Every structure is written in structure tokens, then in C-alpha cells.
Amino acid sequence: MPLMNALKLRHSSREYSERPVSDQTLSNLLWAGFGINRAGGDRTAPYWRHIMVIDVYVAMADGVWIYQPAAHVLAPLLPDDIRVHTGLQDFVAAAPLNLIYVAHGERMTDITAADRQLYASVDSAFIGQNVYLFCASEGLATVFRGAIDYPTLTQALKLSAGRFVTFAQTVGYPRGTS
Ligand SMILES: Cc1cc2nc3c(=O)[nH]c(=O)nc-3n(C[C@H](O)[C@H](O)[C@H](O)COP(=O)(O)O)c2cc1C
């Protein structure tokens, strides 16, 4: 789809079908979001100071996975269905995918905690917009979300010291589609 058409269709959705997203579509979604698009390993989204801060986690019914762009694979992190903990809105528990943007705060040295939050959030937002445009072009529904119980999600993900969640983003098919 031409970019201008995808921009015309971009919007947030809060009603999802339980229809699964195929592996190929998930693969394309992750590449569009934050995949490697150049020989040097750089990404489809810009990032702060050329330091790789954001990991994209994917919470699905079969567990939590981490996107590894270099190999373009999803690596298993947890076997649990934690979708219900990814946000405060009801639809998150049943939508097939919740992306979670997780920052490596420990890689952001010599800046304040407020700046760590700022730059990690901006990095996440660029990925989020890539995901919005991919979804618009594929007939998928999505919403970027900050309404999260952060301590609960941090605990559910068993994040190590220094890592923190910035935002989450639900993806699925619009309710009423099968
Ligand atoms: C930083 C940020 C946080 C957001 N958090 C939520 C959220 O927690 N839940 C939600 O339903 N929408 C959330 N949104 C989506 C906005 O509500 C939505 O983008 C806005 O209402 C405009 O609607 P549109 O995206 O359809 O143009 C968030 C958007 C941004 C940029």
C-alpha cells in the first residue's frame, strides 16, 4: 500500500477479534516495527545516540517472546500468558498480540533518570508509529498504550535491574472480522 494511503487509514482501535495473526504477518510486523534495514544493523526506526536501548517483547497466548532483529527471530522468554497484565483496558487480555517496549536503562549512562525515560519513550514511539502504519496497510487493528500497571507488568516480565517498560501496543484484527 502506498504510504499516503496507510497514513490516511492510521488510527487507534480498542475492539479486537480473537482471530490469530499468522506467523508471517507477525514476522513482517516486527520487521516493519524495528527490523534491520541496512547492512550495518541499523533499524527501520531511529534511535537515541546510536545506542540500542529498546527491545520489543511480544506477549501472546503461548507466552512472552523477545524479537531479535539480527537473526530476525522470536526468542522465548516466558511460557506464561501475561496478556492481562500488559494494560488496564479489558481488550488486552484477549487480543492476540501485545507488544511491550522494554528499555535497557543500564545502557543509558551519563544522563538523568528523567532523560532515560524521555529518550526511551521517544525510541518506542517511533517503533509504535511504524507498527501503526504496518497495521493500517494490512487491515490490522492497533493501539499504542501507556495505561499500564507498570509494577505489575515489570514483575510479570521478571525484568532485571535497569530495564523498564515504556509503553505497550496491542495488535490484532478488528472485532467483527474472522
Ligand atoms: C503516549 C501515548 C499513550 C497512549 N496511551 C493509550 C492508552 O493507554 N490506551 C488507549 O486506549 N490509547 C492510548 N493512546 C492512543 C491515543 O488515545 C490515540 O492515539 C488518540 O486518542 C488519537 O486517536 P488515533 O490514534 O485514532 O488518531 C496513547 C497514545 C499515545 C501517543
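The shown structure was predicted, so the numbers you read here are calculated from the model rather than taken from an experiment. Residues take their numbers from the sequence shown, with the count starting at 1. Read the numbers this way: they start at 1 and go in the same order the structure lists the ligands and their atoms.
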* Asked: For ligand 1, which atoms have a heavy atom of H11 less than 4.0 angstrom away?
  -> 26 (O)
* Asked: Among V56, I82, L159, whose side-chain contact (heavy atoms from CB on, under 4.5 Å) with I100 holds?
  -> I82
* To do: Return a yes/no value for V143: is any of its N or O atoms, backbone included, closer than 3.5 angstrom to an N or O of ligand 1?
  => no
* **Test log, rule salt bridge (charged side-chain N to carboxylate O under 4.0 Å, His left out), inputs D90 and R14** => CA-CA 9 Å; D90 288 345; R14 297 174 186 83; over 6 Å; no
* For atom 6 (C) of ligand 1, what is the nearest protein heavy atom, given as residue, atom name and distance? -> F144 O, 3.2 Å
* To do: Scan side-chain atoms only and decide if S121 and S124 contain a donor-acceptor pair under the 3.5 Å cut-off.
  => no
* **Test of proximity, Q89 against ligand 1: N or O pairs below 3.5 Å** => yes
* Among protein heavy atoms, which lies nearest atom 8 (O) of ligand 1, and at what distance? -> A147 N, 2.7 Å
* Can R43 and D123 be counted as an ion pair, charged N to O under 4.0 angstrom? -> no
* Chi angles and distances behind the ring-ring contact (aromatic ring centres under 6.0 Å, His included) call for F167, Y101 -> CA-CA 6 Å; F167 292 93; Y101 301 119; 8.0 Å; no
* Asked: Between the side chains of Q169 and T142, does any donor sit under 3.5 Å from an acceptor?
  -> yes
* Protein heavy atom under 4.0 Å of atom 28 (C) of ligand 1 -> yes
* To do: Among all protein heavy atoms, pick out the one at the shortest distance from atom 11 (O) of ligand 1; state its residue, atom name and that distance to 0.1 Å.
  => R14 NE, 2.5 Å
* **Contacting atoms of ligand 1, where contact means under 4.0 angstrom from a heavy atom of F167** => 1 (C)
* Asked: Within a reach of under 6.0 Å around CD of Q155, are more than 12 heavy atoms found that belong to other residues, nucleotides or ligands?
  -> no
* Distance to 0.1 Å, residue and atom name: give those for the protein heavy atom nearest to atom 25 (O) of ligand 1. => S12 OG, 2.5 Å
* For atom 3 (C) of ligand 1, what is the nearest protein heavy atom, given as residue, atom name and distance? -> G146 N, 3.9 Å
